[in-house]
Amino acid sequence: MTTVGVPAGWPATEEEARAVQDRLRGRVVLDEPGPPPGTGRVTGVDVAYDDDRDLVAAAAVVLDAATLEVVAETTAVGRISFPYVPGLLAFREIPTVRAALDALPCPPGLVVCDGYGLAHPRRFGLASHLGVLTGLPTIGVAKNPFTFTYNDPGPGRGSAAPLLSGTEDVGRALRTRDGVKPVFVSVGHRVSLDNALAHTLALTPAYRLPETTRRADALCRRALQEATAGAAQEASMRQAPTS
DNA sequence: GCGACAG
DNA sequence: ATCTTGTCGC
């Protein structure tokens, strides 16, 4: 487990954060297809919070894209770097997620984020931001439609419908399991939408959510609990050093 | 101005 | 995200 602080120069206000998004937005690469689904590695990243203790834990789990078996996994714990503000999620998640990615013993391949990429008020969501900062191919798979609209996809797995920001097409509502609520897929960095959808389907042979996010979610929760337990133990040591 | 709003 | 028990169903 890695420990991280808030990076120097990290935005402290919403205004600064929006300015960063406007400045970095132009660096997103949208004209690359990205790695072919089912080959190489796919990495899930996710974060869990304890706002009261000002703790955040991130996990990165690398899967073999063909077998979906775990190849490597890391965690990182740090201080919360930004409040939750819709549209500014990346500033809350990225420092710890990057630390977890940096700690991996192997290249992550495609990174699957829990949230959005292009589908964002300024077209620069978490997946876009993480991709630009790391140079890695990224996609976003979100559980909720955020502020976007869509028509229900057909009932079968694989059915998809446009995710719309007004009249602008920013991603897809994708049914990953028969008769189950869709997930919301958008491109991040260096991956086409078709490839993002294919990867998402390849990662959902059994559940609504990609195996990558399921694994990363479980791991970061565990890491947060261990960090929380560690903090509690240190506190009791200070009160009763012999216990 | 008010409400909604990824995690 | 997180607080939280049981419960219906395959």
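All chains are named by letter (A, B, ...) in the order of the sequence lines, taking the proteins before the strands, and each is independently numbered beginning at 1.
- Distance CG/A:L30 to CZ/A:R190: 12.0 Å, rounded to 0.5 Å.
- For A:K143, a side-chain nitrogen or oxygen approaches OP1 or OP2 of B:dG7 to under 4.0 Å.
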Is there a side chain to side chain contact (heavy atoms under 4.5 Å, CB included) between A:L126 and A:I94? Walk through the geometry before answering. CA-CA 8 Å; A:L126 170 63; A:I94 280 183; 3.8 Å; yes
Please, what dot-bracket string fits DNA chain C when only Watson-Crick and G-U pairs with both distances under 3.5 Å count, crossing ones use [ ] and pairs to another strand use |? ..........
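- For the pair A:D114 and A:K143, the salt-bridge criterion is met [side-chain N within less than 4.0 Å of a carboxylate O].
- Listed nucleotides: B:dA6, B:dG7, C:dT2. Nearest to the side chain of A:H120: B:dA6.
- When rounded to the nearest whole Å, the span between CD of A:E93 and P of C:dT2 equals 10 Å.
- One atom, CG of A:D52, and another, C1' of C:dA1, lie 12 Å apart when rounded to the nearest Å.
- For the segment residues 160-174 of chain A, no residue has any heavy atom less than 4.0 angstrom from an atom of DNA chain B.
- Note: the hydrophobic cluster containing A:V132 also contains A:L193 (ILVMFWY, side chain heavy atoms under 4.5 Å, direct or indirect links).
- A:A119 comes within contact range of no nucleotide atom at all, as no heavy-atom separation falls under 4.0 Å.
- If you take CZ of A:F82 and C1' of C:dA1, they are 16 Å apart, rounded to a whole angstrom.
- The side chain of A:T147 lies closest to B:dC5 when the candidates are C:dA1, B:dC5, B:dA6.
- Here A:I80 lies out of heavy-atom contact (under 4.0 Å) with every strand.
- Residue contacts shown for A:G87 include a base, since a base heavy atom lies under 4.0 Å away.
- Ranking B:dC5, C:dT2, B:dG7 by closeness to the A:R92 side chain, first place goes to B:dG7.
- Applying the 4.0 Å criterion to OP1 and OP2 of B:dC5, one finds that A:N144 has every side-chain N and O outside that range.
- Screening A:V112, A:V71, A:T74, A:L101 for a side chain to side chain contact (heavy atoms under 4.5 Å, CB included) with A:T43, the sole residue that qualifies is A:L101.
- Here the P atom of nucleotide B:dA6 and the OH atom of A:Y150 are 13 Å apart, to the nearest Å.
- Under the stacking criterion of a centre-to-centre distance below 5.5 angstrom and an interplanar angle below 30°, A:Y84 sits stacked against the six-membered ring of B:dG7.
- If you measure from atom CZ of A:F148 to atom C1' of B:dG7, you get 14 Å, rounded to the nearest angstrom.
- Helical stems of DNA chain B (runs of at least 3 Watson-Crick or G-U pairs, donor-acceptor distances under 3.5 Å) are absent.
- Atom CG of A:D114 and atom P of B:dA6 are 12 Å apart (whole Å).
- Both A:L88 and A:V6 are members of a single hydrophobic cluster when ILVMFWY side chains are connected at heavy-atom separations under 4.5 Å.
- The line from OG1 of A:T200 to CG of A:L174 is 6.0 Å long, rounded to the nearest 0.5 Å.
- The aromatic rings of A:F91 and A:H129 sit perpendicular, their planes meeting at an angle over 60°, well past the 30° parallel limit.
- In A:R27, the CZ atom is not crowded: 12 or fewer heavy atoms of neighbouring residues, nucleotides or ligands sit closer than 6.0 Å.
- Counting non-hydrogen atoms under 4.0 angstrom, A:Y49 reaches the backbone sugars and phosphates but no base.
- Nucleic acid contact class of A:D50 (heavy atoms, under 4.0 Å, all strands): none.
- Here A:E226 does not pair with A:R222 in a salt bridge; the nearest charged N to carboxylate O distance is not below 4.0 Å.
- A salt bridge links A:D152 with A:R175: the closest approach of a Lys/Arg side-chain nitrogen to an acidic carboxylate oxygen falls below 4.0 angstrom.
- Between the CD1 atom of A:I94 and the C1' atom of B:dA6 there is a distance of 13 Å, given to the nearest Å.
- Put simply, CZ on A:R221 is 9 Å from P on C:dC3, counting in whole angstrom units.
- A salt bridge is absent between A:R214 and A:D217: the closest approach of a Lys/Arg side-chain nitrogen to an acidic carboxylate oxygen does not fall below 4.0 angstrom.
- Linking Ile, Leu, Val, Met, Phe, Trp and Tyr whenever their side-chain heavy atoms come within less than 4.5 Å puts A:L136 and A:L130 in one cluster.
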